[in-house]
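Below is one structure; the comments refer to it alone.
So that the names make sense, note that chain A is the first sequence line, chain B the second, and so on, each numbered from 1. These numbers come from the heavy atoms of this one structure, side chains and all, not from hydrogens, waters or symmetry mates.
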There are 2 protein chains.
Amino acid sequence: METRHAVTARTSPESARDIPEATVARLPIYLRALTTLSEQGTSTCSSEELAAAAGVNSAKLRKDLSYLGSYGTRGVGYDTDYLRYQIAREIGVTQDWPVVIVGIGNLGQALANYSGFRSRGFRVVALLDADPARHEEVVAGIDVRPFDHLEKIVRDHAVAIGVIATPALAAQDVADRMVAFGITSILNFAPTVLNVPDQVDVRKVDLSIELQILAYHEQRKAASA
Amino acid sequence: METRHAVTARTSPESARDIPEATVARLPIYLRALTTLSEQGTSTCSSEELAAAAGVNSAKLRKDLSYLGSYGTRGVGYDTDYLRYQIAREIGVTQDWPVVIVGIGNLGQALANYSGFRSRGFRVVALLDADPARHEEVVAGIDVRPFDHLEKIVRDHAVAIGVIATPALAAQDVADRMVAFGITSILNFAPTVLNVPDQVDVRKVDLSIELQILAYHEQRKAASA
DNA sequence: CTCGGTTTGTTCTCGCGTTCACAAACTCCT
DNA sequence: AGGAGTTTGTGAACGCGAGAACAAACCGAG
Ligand SMILES: NC(=O)c1ccc[n+]([C@@H]2O[C@H](COP(=O)([O-])OP(=O)(O)OC[C@H]3O[C@@H](n4cnc5c(N)ncnc54)[C@H](O)[C@@H]3O)[C@@H](O)[C@H]2O)c1
Ligand SMILES: NC(=O)c1ccc[n+]([C@@H]2O[C@H](COP(=O)([O-])OP(=O)(O)OC[C@H]3O[C@@H](n4cnc5c(N)ncnc54)[C@H](O)[C@@H]3O)[C@@H](O)[C@H]2O)c1
């Protein structure tokens, strides 16, 4: 897990509760589980059912939800759609967030083509690549544009979230410019450590690391056989 | 993070140490940092340098490394290549792991084309897809084959690790078959919770969840401004 | 050989996260 | 209305992880 703990309480009157980071990481899972349940026609669910759908302990689920408020009914459970809305609101995905993707190679194209973002609160407003040869292309109905356009795009669309899918060597530079132009959250797919100011959030997705963790346990299993 | 804690000590004579899960998750980062340092010609590095390259606290790094053994020299630091080898050996990536990818759509193709796996201890031995229309295709020099071939492939290549890049609805079924045929580690990209037996490890990569976590913090920043 | 400077390995403490267990609260049936 | 059954919300206990701090160990100069 990232070295990031409970968000320090900000001095705003509303939404005073600060939610533990571990809980924040699970809220999207609950949201997805609730959506599935809702689509299956379940209008009410107990913490036990929802926990099973989300793959967690029911006590943990209840404690997590208790940070948001008291949205259940004892003896009954939770109203599926109501809870779903409350979680979506807490996460902040009741409205769409504009997102820009930089590096439209193998991975960047797959991301651009992914329909799941839109339905989960995100909208890809631009695809950027440094390679002029790519600027002819249209991916997922969106023009691939030069990286230089980043500043204008961030300004015009009030983009706060950027996705980096460039080679590792370019990633730090891309991140620096994103930060300079006002992006404050970065999702990084390049296998490299990004240095950014404190107020900028970075989350990384590193497939090789995931596989290596699996390999470690796999080796363990083999050794004990 | 997954609900998975320190691996219970297995009763094997060798490699008796069991490494905390949090440390296991960081070892690949150290490995990558060491590779970078080595390529830059650094033959020795202190815990401070390596920690900076890996983006962690130096005390944490030293504690992590101490689980592997005592591979440093006080007053000097660590031999880059020697430590790199020791970590690779501990993770189990001194030899290649055969991997099969199921679901060769947008994402599966990007994964198949990704060269970083090979260099980090993994070898894609097969690409499988249920759609007959794809069986004509060759992706990254590998034939796309029918999903039915899974059993034979797992047997022939002794595959222990499987990657799921199918739609969410198909993922559980794919996982069930993988497990039935002997796969014991799964990397899941489909946005769904997989139910598998205890002895099977599952790690998930869910981009929407990552973005939603960023959105939450982003909303917080906006609220405090 | 000794001493000062450097860096590791480890101990200790603190805080977060998970889980248990139960009182409070609600529904439904009689 | 009352009681049995159900389920939430939370207090408390416990274990793991993070980081500070320091003694032990090593190097090199003199
Ligand atoms: N493909 C995968 O499945 C996969 C898996 C794991 C990690 N990754 C990582 O994701 C990143 C992208 O992988 P990929 O396979 O798509 O690589 P790729 O080479 O196919 O694409 C990289 C793209 O980034 C562009 N680019 C390079 N420098 C740039 C810059 N400074 N600014 C803007 N654009 C720039 C290139 O023109 C290219 O289009 C890499 O860091 C890779 O290690 C990819
Ligand atoms: N593309 C992305 O960037 C992205 C991002 C996040 C998550 N995901 C997830 O990754 C998964 C794949 O995404 P995608 O964009 O590549 O989808 P896709 O539709 O392009 O590809 C899915 C592939 O799986 C194959 N398939 C379907 N059922 C199968 C089965 N039972 N057995 C074997 N193969 C089967 C299909 O034929 C298709 O080729 C989805 O679950 C998606 O939600 C993708």
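- If you measure from atom CG of B:L50 to atom C1' of C:dT7, you get 13 Å, rounded to the nearest angstrom.
- As a whole-Å value, the separation of B:L61 CG from D:dA20 C1' is 16 Å.
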Pairwise N/O distances under 3.5 Å, protein to nucleotides 22-24 of chain D:
from	atom 1	to	atom 2	distance (Å)
D:dA24	N3	B:R74	NH1	2.8

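- Under the 4.5 Å side-chain criterion, counting only non-hydrogen atoms from C-beta, A:L34 is in contact with A:L50.
- For B:Q86, the side-chain contact (heavy atoms from CB on, under 4.5 Å) partners at least two apart in sequence or on another chain are B:Y71, B:Y82, B:R89.
- Here D:dC16 presents its P atom at 10 Å from OH of B:Y67, a figure rounded to the nearest Å.
- The closest side-chain heavy-atom distance from B:I91 to B:L31 is below 4.5 Å.
- Taking atom CD of A:E48 as the reference point, atom P of D:dG5 lies 19 Å away to the nearest angstrom.
- Between the CD1 atom of A:I19 and the CZ atom of A:R26 there is a distance of 11.5 Å, given to the nearest 0.5 Å.
- Atom CG of B:L68 and atom P of C:dT10 are 12 Å apart (whole Å).
- A heavy-atom distance below 4.5 Å is found between the side chains of A:I161 and A:F122.
- Minimum atom distance to the side chain of A:S47 is reached by D:dT8, of the listed D:dT8, C:dT8, D:dG17.
- Of the two residues contacting DNA chain C, namely A:G75 and B:G77, the nearest-nucleotide position lying further toward the 5' end is that of B:G77.
- Side-chain N/O atoms of A:S46 include none lying less than 4.0 angstrom from OP1 or OP2 on D:dT7.
- Candidate nucleotides C:dT10, D:dA18, C:dT19 were compared by shortest atom distance to the side chain of A:K60, and C:dT19 ranks first.
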Close N or O pairs between protein and nucleotides 12-15 of chain D (under 3.5 Å):
from	atom 1	to	atom 2	distance (Å)
D:dA12	N6	A:K63	NZ	3.0

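- Counting heavy atoms from C-beta on, the side chains of A:T23 and A:P20 come closer than 4.5 Å.
- The nearest whole Å value for the distance from the CG atom in B:L65 to the P atom in D:dA18 is 14 Å.
- Residue B:S70 places at least one side-chain N or O under 4.0 Å from the OP1 or OP2 atom of C:dG9.
- When each of B:R220, B:K221, B:H217 is checked for a side-chain hydrogen bond (donor to acceptor under 3.5 Å, both in side chains) with A:D201, only B:K221 meets the rule.
- By the side chain to side chain donor-acceptor pair (under 3.5 Å) test, B:T36 is found to be paired with no residue, residues two or more places apart in sequence or in another chain being considered.
- Taking A:R120 as the reference, nothing meets the salt bridge (charged side-chain N to carboxylate O under 4.0 Å, His left out) condition, with sequence neighbours excluded.
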Side-chain atoms of residues 109-118 of chain B: list all donor-acceptor pairs with protein atoms under 3.5 Å, sequence neighbours left out, distances to 0.1 Å.
from	atom 1	to	atom 2	distance (Å)
B:Q109	NE2	B:I104	O	3.3
B:N113	ND2	B:Q109	O	3.1

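- Overall bending of the helix from C:dC1-D:dG30 to C:dT30-D:dA1, expressed as the angle between end axes built from five pairs apiece, is 0° (10° steps).
- In this structure, A:D64 places its CG atom 13 Å from P of D:dT10, rounding to the nearest Å.
- Rounding to the nearest 0.5 angstrom, the gap separating the CG atom in A:D64 from the OG atom in A:S47 is 11.5 Å.
- Legend: residues meeting side-chain contact (heavy atoms from CB on, under 4.5 Å) with B:V124, ordered by chain and number and at least two apart, are B:I101, B:L127, B:I142.
- Here A:Y78 reaches the OP1 or OP2 of D:dG9: one of its side-chain N or O atoms lies under 4.0 Å away.
- Atom CD in B:E21 sits roughly 12 Å away from atom P in D:dA18 (whole-Å rounding).
- Looking at residues two or more places apart in sequence or on another chain, you find a side chain to side chain donor-acceptor pair (under 3.5 Å) between A:D81 and A:S38, A:R84.
- With sequence neighbours excluded, the residues that form a side-chain contact (heavy atoms from CB on, under 4.5 Å) with B:E151 are B:R155, B:F181.
- For D:dA20, the OP1/OP2 oxygens have a side-chain nitrogen or oxygen of B:N57 closer than 4.0 Å.
- In the region residues 27-39 of chain B, proximity to DNA chain C at under 4.0 angstrom, judged on heavy atoms, holds for none of the residues.
- With sequence neighbours left out, the side-chain contact (heavy atoms from CB on, under 4.5 Å) criterion links A:A130 to no other residue.
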